[in-house]
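All values reported here derive from a predicted model rather than from experimental measurement.
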Amino acid sequence: MKRNVRMEDISDGRLYDSNDMVKAGCMGCGSCCRGMGQSIILDPLDLQRIKRHLGIGFEGLMTDKIELNVVDGVILPNLRMAGPREQCSFLDEENRCRIHSARPGICRLFPLGRYYENQGFRYFLQVHECKNENSMKVKVKKWVDEEALKKYEAYIKRWHYFLKAVEETLETADDGLQRRMNLYILQKFYIEDFSSDRDFYEQFEERIQTAVTELER
């Protein structure tokens with residue numbers, strides 16, 4: 001999701017790499033799990049992890065856990081906020097995440113964000129987002145909590161710049177192509193399961209190469 005803001009207005013002015021220390025650690029008050037609107041956008045790995053964790057398919061999650069919205073011209077799923085407090089559907093009564101081990105990448109990052117440039121990205125600290133005033137210093141890679149971090153970061157870059165290419169294509173596409181491309185992305189990257197017997201990233205790369213070919217036709 002694009003944010004039309006100045007970095008100096010939302011960050012501490014620094015960009016971080018995975019081995020850097022950053023003042024991002026919190027105690028988990030749950031405030032960042034409320035009132036987030038449609039901003040917790042899910043990538044294919046996010047949804048695959050949630051489906052496996054809960055044993056629920058895409059259609060089952062659509063009943064009350066996720067929803068679809070247009071993000072920069074592309075239809076993508078996001079976590080649904082529900083109830084009078086507009087909180088994440090996975091937040092329990094004790095402000096704990098029911099799917100913590102399978103939580104989405106945006107949740108793993110918070111209060112960090114990603115700054116994309118030159119076909120890559122670095123991390124930045126969002127200084128006005130977290131309500132905790134006593135954040136602890138942690139190493140970025142420990143905070144993100146991804147076992148195969150290099151593979152994960154390569155995947156995130158691939159997905160981001162693929163969506164950017166799709167967005168640029170759809171800007172001048174007719175309604176028919178827009179619909180077909182959006183349905184294709186939902187089907188191949190979100191609805192269809194990835195095999196648990198094979199490496200996710202290998203399967204993702206196969207699907208995205210096919211998708212790029214479709215996009216270039």
Do Val22 and Tyr123 make a side-chain contact, defined as non-hydrogen atoms from C-beta onward lying under 4.5 Å apart?
no

Do Ile99 and Ile56 sit in the same hydrophobic cluster, where Ile, Leu, Val, Met, Phe, Trp and Tyr count as joined when their side-chain heavy atoms come under 4.5 Å apart?
yes

Decide whether a cation-pi geometry holds between Arg114 and Phe121; the criteria are a distance under 6.0 Å from NZ or CZ to the six-membered ring centre and an angle within 45° of the ring axis.
yes

Between Met21 and Tyr16 the two heavy atoms that sit nearest each other are O-CE2, 3.5 Å

Does Leu91 share a hydrophobic cluster with Leu42, counting links as ILVMFWY side-chain heavy atoms below 4.5 Å and allowing steps through other members?
no

For Glu86, does the CD atom have more than 12 heavy-atom neighbours from other residues, nucleotides or ligands under 6.0 Å away?
no

If we ignore hydrogens and angles and just use 3.5 Å, is the side chain of Asn182 paired with the main-chain N or O of Gln178 as donor and acceptor?
yes

Side chain to side chain contact (heavy atoms under 4.5 Å, CB included) between Asn69 and Ile75: does it pass, once the steps are laid out?
CA-CA 5 Å; Asn69 283 288; Ile75 297 175; over 6 Å; no

Given Asn95 and Arg34, is the side chain to side chain contact (heavy atoms under 4.5 Å, CB included) satisfied, shown in steps?
CA-CA 10 Å; Asn95 293 325; Arg34 300 187 182 92; 2.3 Å; yes

Given side chains that start at C-beta, do those of His53 and Ser101 come closer than 4.5 Å, heavy atoms only?
yes

Do Glu202 and Lys151 make a side-chain contact, defined as non-hydrogen atoms from C-beta onward lying under 4.5 Å apart?
no

Contact list for residues 58-67, test side chain to side chain donor-acceptor pair (under 3.5 Å), sequence neighbours left out
Glu67-Asn78

Any side-chain heavy-atom pair of Met81 and Gln87 under 4.5 Å
no

Report the distance from atom CD1 of Ile41 to atom CG of Leu76, rounding to the nearest 0.5 Å.
6.5 Å

Do Val71 and Gln38 come within less than 4.5 Å of each other through their side chains, counting heavy atoms only?
no

Heavy-atom count check: over 12 atoms from other residues, nucleotides or ligands less than 6.0 Å from Tyr116 OH?
yes

Distance col, row Asp43:CG vs Phe189:CZ, nearest 0.5 angstrom, shows 11.5 Å

Which pair of non-hydrogen atoms, one from Arg98 and one from Ser89, has the smallest distance, and what is that distance?
NH1-O, 3.4 Å

Same apolar cluster (I L V M F W Y, side chains within < 4.5 Å links), Tyr161/Ile106
yes

For Arg122, enumerate each residue passing the side chain to side chain contact (heavy atoms under 4.5 Å, CB included) test, keeping only those at least two apart in sequence or located in another chain.
Leu15, Asp17

Quick one: does any side-chain atom of Trp143 pair with a main-chain N or O of Phe110 as donor and acceptor, under 3.5 Å?
yes

Under a 4.0 Å threshold between the charged nitrogen and the carboxylate oxygen, would Lys157 count as salt-bridged to Glu117?
no

Salt bridge (charged side-chain N to carboxylate O under 4.0 Å, His left out) evaluation trace for Glu146 with Arg49:
CA-CA 13 Å; Glu146 284 287 348; Arg49 282 175 168 167; 2.7 Å; yes

Atom pair CZ/SG of Arg103 and Cys33 - distance to nearest 0.5 Å
10.5 Å

Pair Leu125, Arg14 - check side chain to side chain contact (heavy atoms under 4.5 Å, CB included), show working.
CA-CA 8 Å; Leu125 177 64; Arg14 294 184 58 191; over 6 Å; no

Answer yes if Leu68 and Phe90 sit in the same cluster of Ile, Leu, Val, Met, Phe, Trp and Tyr residues linked by side chain heavy atoms under 4.5 Å apart, and no otherwise.
yes

Check: Lys141/Asn19 side-chain N/O donor and acceptor closer than 3.5 Å
yes

Checking Asn118 side chain against Gly120 main chain: does a donor-acceptor pair fall under 3.5 Å?
no

Roughly how far, to the nearest 0.5 Å, is CZ of Arg158 from CD of Gln119?
10.5 Å

Quick check: are there more than 12 heavy atoms from other residues, nucleotides or ligands sitting under 6.0 Å from CZ of Arg85?
no

Can Arg108 and Asp145 be counted as an ion pair, charged N to O under 4.0 angstrom?
yes

Could you tell me if the side chain of Phe58 sits less than 4.5 Å from the side chain of Ile50, heavy atoms only?
no

Are Phe200 and Phe194 near enough that their ring centres are under 6.0 Å apart?
yes

How close do Glu153 and Ser18 get, counting heavy atoms only, and between which atoms?
OE2-CB, 3.8 Å

Decide if the gap between the ring center of Phe204 and the ring center of Tyr155 is smaller than 6.0 angstrom.
yes

Where Pro77 and Leu186 come nearest, the two heavy atoms and their spacing:
CD-CD2, 4.4 Å

Yes or no on side chain to side chain contact (heavy atoms under 4.5 Å, CB included) for Asp12 and Phe124, after CA distance, side-chain angles and deciding distance?
CA-CA 8 Å; Asp12 62 359; Phe124 70 93; 5.7 Å; no

Rounded to the nearest 0.5 Å, what separates atom CE in Met62 from atom CD1 in Ile191?
8.5 Å

Heavy-atom pair with the smallest gap, counting every atom of Cys107 and Leu79:
SG-CD1, 4.5 Å

Using the side chain to side chain donor-acceptor pair (under 3.5 Å) rule, pick out the option among Arg52, Gln203, Lys51 that qualifies with Asp193.
Lys51

Measure the CG-CG distance between Asp72 and Leu163 for me, rounded to the nearest 0.5 Å.
9.0 Å

Could you tell me which non-hydrogen atom of Asp46 sits nearest to which non-hydrogen atom of Gly105, and how far apart they are?
OD1-N, 2.8 Å

Do Ile66 and Leu183 share a hydrophobic cluster, counting only Ile, Leu, Val, Met, Phe, Trp and Tyr and linking them when any side-chain heavy atoms are less than 4.5 Å apart?
no

